[in-house]
Colleague: 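Supplied in C-alpha cells, the structure appears directly below.
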Amino acid sequence: MTTTRFAPSPTGYLHIGGLRTALFSWLWAKKNEGQFLLRIEDTDLVRNSEDAVTAILKAFDWVGMSYDGEAIFQSKRFELYAQYVEQLLNEGKAYKCYMSKEELTALREEQMAKGERTRYDGRYRDFRGTPPEGVEPVIRIKAPTEGTISFVDGVKGEINIAASEVDDFVIARAGGVPTYNFVVAIDDALMGLSDVIRGDDHLYNTPKQIVVYEALGFKLPNFYHVAMINNEQGKKLSKRDGATDVMEYKTLGYLPEALLNFLVRLGWSHGDQEIFSIEEMIELFDPKNINKSSSNYNLDKLLWLNAHYIKNKPHSELAELLVDFGVDIREHSKKDLILNATKERGKTLVELAEQVNLILNAPTDYNAKNFKKAFKEDTPEILALFMTILKEAELNEVADYHKVIEAVVEQKEIGFGKIGMPLRVSLLGSMTGSGLDEIMAILGRDETLSRIEKAINELNT
RNA sequence: GACCCUUUCAUCUAGUGGCCAAGGAUAUUGCGUUUUCAUCGCAAAAACAAAGGUUCAAAUCCUUUAGGGGUCGCCA
C-alpha cells in the first residue's frame, strides 16, 4: 500500500513550493489508490500558530486536494516521543550531554577556523563521571562513527554520506522537547509511510533520520527529494518575486486547475504533454519522472495555462467564479453571449471581469485621443445612417447586427474601419475589445442606440 | 571553508550509446484569419556549461574545471 504525506510546519501560509511537493505526494497516493496523510510539524512551540494551520487547510481546500483520515499534530504526541527517548537511553543508543551552549559555540568556532564541517565531538558519548552542576542535559543519539550512510533516493539515485559527516545530534532538548529529525523519523515510520516525497533541502536530514530509523528498528521508506523552485532569475523564490502564497493566486484570478497544471510540470514531465487534467495527472504521475535539477518559476506559462482553462470552463462555472471579482451574470439572460465575447480576452478572472464590465457598463469617459483617431469628418453621417437602419432592422441573433454594419458599408461604399472604429469607441470608449456584433447583441437595440447618441453628443460638446 | 546535490534553446522540458546536423511547449518575431484587440492557424529564430578521455559511434559513460543550489542549530 502506498502511503504518502505532507508535513508542513505551521509558521505561515502555504507556499507554492510546498504545494508542489504536496501535489506530487497526493498524486502518487491517488495513483496507487493509497493514502495521503497530513501531519502538522508544530514542535517549535514558539513559532507555530493556529492561523497558519487554517491557512494551509484553506489552500488545500481551494485546489481540491484532500487528505485521508485526521491530521496529526506533533505537539500532541510529546509523550510518545519521550517514550522512545527513554527506550534509546535504556538501550545505550542515546546519552545525556552536559555540554553548555558556550562550550558548543567555542567548539564550532574552532572547527570553522580549521576549515572543517562543524560537528559535535562526542565528548559525553561514553561519559560516566559526575555531571557538571547547573547544566540541564540534552539527549544525543549515538550515530555511527565510521563507514558510510547510504540510501537510494528515488529522484537523485544513490546518496552516500560519510558517517563522519553525521554527528551525535540532539534528539531531545534540555527540558525534554524532542527535535525535528527525531520526531519526523518516528512519525513517518508509525504512520506507515511507504514513500516520502519532500524538498531536497531535506537531503541532508535523511542520513540523520536513518540513524533514528535504525536505532529504533523501523523499516525505511522510499525517499524522493525534489529540487527547489527558483524565481525567474534562477534565485531562491522570495516574496518580492510576486505571489508565493497559494491563496494569492485565487485573488489574482487564477484557476486552481491551472496552478496545479503549472506546478506539476515544474520538475516533472510526461513526454511532450503540457496540459493535464487532474485525472490525467493521477493516471500518469510517477516519481521516477521527477527532474533532478531545480526549475525556475515562469509566469508566462502559468498565464497561458490559466487562459487555456478559462477558455474551456463551462459558462455556469465561470459565472460563479466571477462573482468574487465583482461581476454577477449568473442570472443574466445573455450570459453565454457575454462569456463567448470575452473569455478569450482574459488571461485571469480579473481580466475577464474587466472585459465583461467594459461591455455591461456604458462608458463614462471617452478618451479624447480615441475620439480623434476614430471620428473623422463624415463619421456623424455614417453613424446616423447606421442608427436609422438599426432602428428598422429585425434583430434576433448576432449575425443580424452584422448585417446592419454591412448595409451601411455597402450604401456608403466605405471600408469596415470607417464605421467599425467610431462604433467601437461609442459603445465601449475603447479602441479594442470584443466583436462589435457580439457587443451589440448583448446590449440590444435600445442600449446600442443610446450609447451612440451619447457619444455623438459628447463629441459635440 | 567543508560536505552533498545539480548543469539541454530566454524559460519549462523530451532525450537512459546509433532513431539527434537534438523534439515539444511558453515567451519572442513574421505571415495569415479578424472591422479592432484577443483567440486561432502557419512559419522563423533559439540549446547539449568547458576541456580532456572511453567507443566504430557520446547530449547520453568516465575525469577535471567552471557556474548554480543546499546543508553545516537545544529551527523545521
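Each chain gets a letter, A, B and so on, in the order the sequences are listed, and its residues count up from 1.
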Colleague: Picking from B/C12, B/C4, B/U39, which would you name as closest to the side chain of A/Y204?
Modeller: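 Nearest to the side-chain atoms of A/Y204, counting from C-beta on, is B/C4.
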
Colleague: For A/N291 and B/A14, is the shortest distance between a side-chain N/O and OP1 or OP2 below 4.0 Å?
Modeller: yes

Colleague: Which of these nucleotides, B/U35, B/U13, B/G24, is closest to any side-chain atom of A/S269?
Modeller: B/U13

Colleague: From the list B/C3, B/C4, B/G73, which nucleotide is the closest neighbour of the side chain of A/E165?
Modeller: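 From the listed options, B/C3 comes nearest.
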
Colleague: Rounded to the Å, how far apart are A/Y224 OH and B/C5 P?
Modeller: 19 Å

Colleague: Counting only heavy atoms from other residues, nucleotides and ligands, does the tally under 6.0 Å from CD of A/E50 exceed 12?
Modeller: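 Open.
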
Colleague: What is the distance, to the nearest angstrom, from the CG atom on A/N261 to the C1' atom on B/U26?
Modeller: 12 Å

Colleague: Once you apply a heavy-atom cut-off of 4.0 Å, does A/G415 come out as touching a base, just sugar-phosphate, or nothing?
Modeller: nothing

Colleague: Specify the separation, in whole Å, of atom CD1 of A/I290 and atom P of B/C5.
Modeller: 18 Å

Colleague: How far does the C1' atom of B/U28 sit from the matching atom of B/U65, given to the nearest Å?
Modeller: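 It comes out at 34 Å once rounded to the nearest Å.
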
Colleague: Work out how far the C1' atom of B/A58 is from that of B/G17, and round it to whole angstrom.
Modeller: 6 Å

Colleague: Apply the salt bridge (Lys or Arg N to Asp or Glu O under 4.0 Å) test between A/D121 and each candidate in A/R123, A/R125, A/R119; give the one that qualifies.
Modeller: A/R123

Colleague: Quick check for you: among B/G70, B/U35, B/A76, whose closest atom lies nearest to any side-chain atom of A/L436?
Modeller: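 Of the options given, the side chain of A/L436 lies nearest B/U35.
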
Colleague: Tell which nucleotide pairs with B/C3, taking only Watson-Crick or G-U wobble pairs whose two distances are both under 3.5 angstrom.
Modeller: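 Paired with B/C3, as far as the under-3.5 Å criterion goes, is B/G70.
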
Colleague: With a 4.5 Å limit on heavy-atom distance, are the side chains of A/I139 and A/L88 in contact?
Modeller: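 No - every pair of side-chain heavy atoms lies 4.5 Å or more apart.
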
Colleague: What's the closest nucleotide to the A/K235 side chain, out of B/C74, B/C37, B/G68?
Modeller: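 For the A/K235 side chain, the nearest candidate turns out to be B/G68.
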
Colleague: Quick check: any donor-acceptor pair below 3.5 Å linking the side-chain of A/K301 to the base of B/C12?
Modeller: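 When only heavy-atom distances are counted, A/K301 does reach the base of B/C12 through a donor-acceptor pair under 3.5 Å.
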
Colleague: Taking atom C1' in both B/C56 and B/U11, compute the distance separating them and give it to the nearest angstrom.
Modeller: 38 Å

Colleague: Check whether any side-chain heavy atom of A/M440 sits under 4.5 Å from a side-chain heavy atom of A/I405, and report yes or no.
Modeller: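 A/M440 vs A/I405: side chains touch.
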
Colleague: Does A/K208 reach the side chain of A/I149, with side-chain heavy atoms less than 4.5 Å apart?
Modeller: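 Side chain of A/K208 against side chain of A/I149, heavy atoms only: no contact under 4.5 Å found.
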
Colleague: Using a distance-only criterion (donor-acceptor N/O pair, under 3.5 Å, no hydrogens), is the base of B/G23 paired with the side chain of A/D272?
Modeller: yes

Colleague: To the nearest Å, give me how far apart NZ (A/K101) and P (B/C74) are.
Modeller: 8 Å

Colleague: Can you tell me if NZ on A/K142 sees more than 12 non-hydrogen neighbours from other groups inside 6.0 Å?
Modeller: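 Yes.
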
Colleague: If the P atom of B/G30 is compared with that of B/A21, how far apart are they to the nearest Å?
Modeller: 32 Å

Colleague: Using side-chain heavy atoms (C-beta onward) and a distance below 4.5 Å, is A/V212 in contact with A/Y84?
Modeller: no

Colleague: Contact class for A/K311 (heavy atom, under 4.0 Å): base, sugar-phosphate, or nothing?
Modeller: sugar-phosphate

Colleague: Hey, is the side chain of A/K292 poking within less than 4.0 Å of OP1 or OP2 on B/C5, counting only N and O atoms?
Modeller: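 No, no such contact exists.
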
Colleague: Could you give me the CA-CA distance, side-chain angles and deciding distance for A/Y254 and A/F262, then say whether ring-ring contact (aromatic ring centres under 6.0 Å, His included) is met?
Modeller: CA-CA 11 Å; A/Y254 290 94; A/F262 171 68; 8.8 Å; no

Colleague: If you assign A/F262 and A/S293 each to the RNA chain B nucleotide with the nearest heavy atom, which residue ends up on the more 5' nucleotide?
Modeller: A/S293

Colleague: What integer distance in Å separates A/L339:CG from B/U39:P?
Modeller: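 Atom-to-atom, A/L339 to B/U39, this comes out as 18 Å.
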
Colleague: Counting side-chain heavy atoms from C-beta on, which of B/G70, B/C74, B/U36 comes nearest to A/R108?
Modeller: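 Of the candidates, B/C74 comes closest.
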
Colleague: Would you say the base of B/A76 and the side-chain of A/N205 have a donor-acceptor pair closer than 3.5 Å?
Modeller: yes

Colleague: Identify the two heavy atoms, one from A/K343 and one from A/I310, that lie closest to each other, and give their separation to 0.1 Å.
Modeller: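 Taking every non-hydrogen atom into account, O-CG2, 3.8 Å.
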
Colleague: Find the distance A/D42:CG to B/A76:P and express it as a whole number of Å.
Modeller: 10 Å

Colleague: P atom, B/G18 versus B/A22: distance in rounded Å?
Modeller: 16 Å

Colleague: Please classify the nucleic acid contact of A/V170 as base, sugar-phosphate, or nothing, using heavy-atom distances under 4.0 Å.
Modeller: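 Sugar-phosphate, no base atom in range.
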
Colleague: Counting only side-chain N and O atoms of A/T179, is one of them less than 4.0 Å from OP1 or OP2 of B/G73?
Modeller: no

Colleague: Heavy atoms from C-beta onward define the side chain here; which of B/U13, B/G70, B/U6 lies closest to that of A/R265?
Modeller: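 Ranking B/U13, B/G70, B/U6 by closest atom to the A/R265 side chain puts B/U13 first.
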
Colleague: Remember a base hit wins even if backbone is also touched, and classify A/T11 as base, sugar-phosphate or nothing at under 4.0 Å, heavy atoms.
Modeller: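 Answer is nothing: A/T11 stays at 4.0 Å or more from every strand.
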
Colleague: Can you see if the side chain of A/S294 gets near the phosphate of B/U6 - specifically, an N or O under 4.0 Å from OP1 or OP2?
Modeller: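 A/S294 to B/U6 OP1/OP2: no side-chain N or O under 4.0 Å.
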
Colleague: Of the non-hydrogen atoms in A/Y67 and A/L37, which two are nearest, and what is the gap between them?
Modeller: CB-C, 4.4 Å

Colleague: Does any N or O donor sit under 3.5 Å from an N or O acceptor when you compare the side chain of A/Q273 with the base of B/G24?
Modeller: no

Colleague: Side chain of A/I161 only, heavy atoms from C-beta on: which candidate in B/C4, B/C74, B/G69 is closest?
Modeller: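 Between B/C4, B/C74, B/G69, the one nearest the side chain of A/I161 would be B/C4.
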
Colleague: With a 3.5 angstrom cut-off on both distances, give the Watson-Crick or G-U wobble partner of B/C61, or none if there isn't one.
Modeller: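 Paired with B/G53.
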
Colleague: Tell me what A/K236 touches on the nucleic acid: a base, only sugar-phosphate, or nothing, going by heavy atoms under 4.0 Å.
Modeller: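 Sugar-phosphate, no base atom in range.
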
Colleague: A/N298 side chain N/O closer than 4.0 Å to the phosphate oxygens (OP1, OP2) of B/U26?
Modeller: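 A/N298 to B/U26 OP1/OP2: no side-chain N or O under 4.0 Å.
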
Colleague: Taking atom C1' in both B/C42 and B/U60, what distance in whole Å separates the two?
Modeller: 34 Å

Colleague: Quick one: label A/M228 by what it contacts on the DNA or RNA (base, sugar-phosphate, nothing), any heavy atom closer than 4.0 Å.
Modeller: nothing

Colleague: When you compare B/U63 with B/C4, how far apart are their P atoms, in angstrom units rounded to a whole number?
Modeller: 13 Å

Colleague: My understanding is that a pair needs two contacts under 3.5 Å, Watson-Crick or G-U wobble. By that rule, which nucleotide pairs with B/C20?
Modeller: none

Colleague: Base, sugar-phosphate, or nothing for A/T432, non-hydrogen atoms under 4.0 angstrom?
Modeller: base

Colleague: Check this one for me: any side-chain N or O of A/K208 less than 4.0 Å away from OP1 or OP2 of B/U71?
Modeller: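 For B/U71, OP1/OP2 do not have a side-chain N/O of A/K208 under 4.0 Å.
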
Colleague: Picking from B/U13, B/U35, B/C5, which would you name as closest to the side chain of A/I159?
Modeller: B/C5

Colleague: Mapping A/E158 and A/E232 onto RNA chain B by nearest heavy atom, which one lands closer to the 5' end?
Modeller: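 Comparing both residues, the 5'-ward one is A/E158.
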
Colleague: Is B/C40 paired to anything, Watson-Crick or G-U wobble with both distances less than 3.5 Å, and if yes, which nucleotide?
Modeller: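 B/G32 - that is the nucleotide pairing with B/C40, both distances being under 3.5 Å.
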
Colleague: How many whole angstroms separate atom CD of A/E344 from atom P of B/C40?
Modeller: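 It works out to 7 Å between those atoms.
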
Colleague: In whole angstrom, give me the gap between the C1' atoms of B/A25 and B/C37.
Modeller: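 The same atom, C1', in both gives a distance of 24 Å.
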
Colleague: Check whether any side-chain N or O of A/S295 sits under 4.0 Å from OP1 or OP2 of B/U13, and answer yes or no.
Modeller: yes

Colleague: What nucleotide, of B/C5, B/G24, B/A76, holds the atom closest to the side chain of A/E41?
Modeller: B/A76

Colleague: For A/E103 and B/C74, give me the distance from atom CD to atom C1', rounded to whole Å.
Modeller: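 After rounding, the reported distance stands at 14 Å.
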
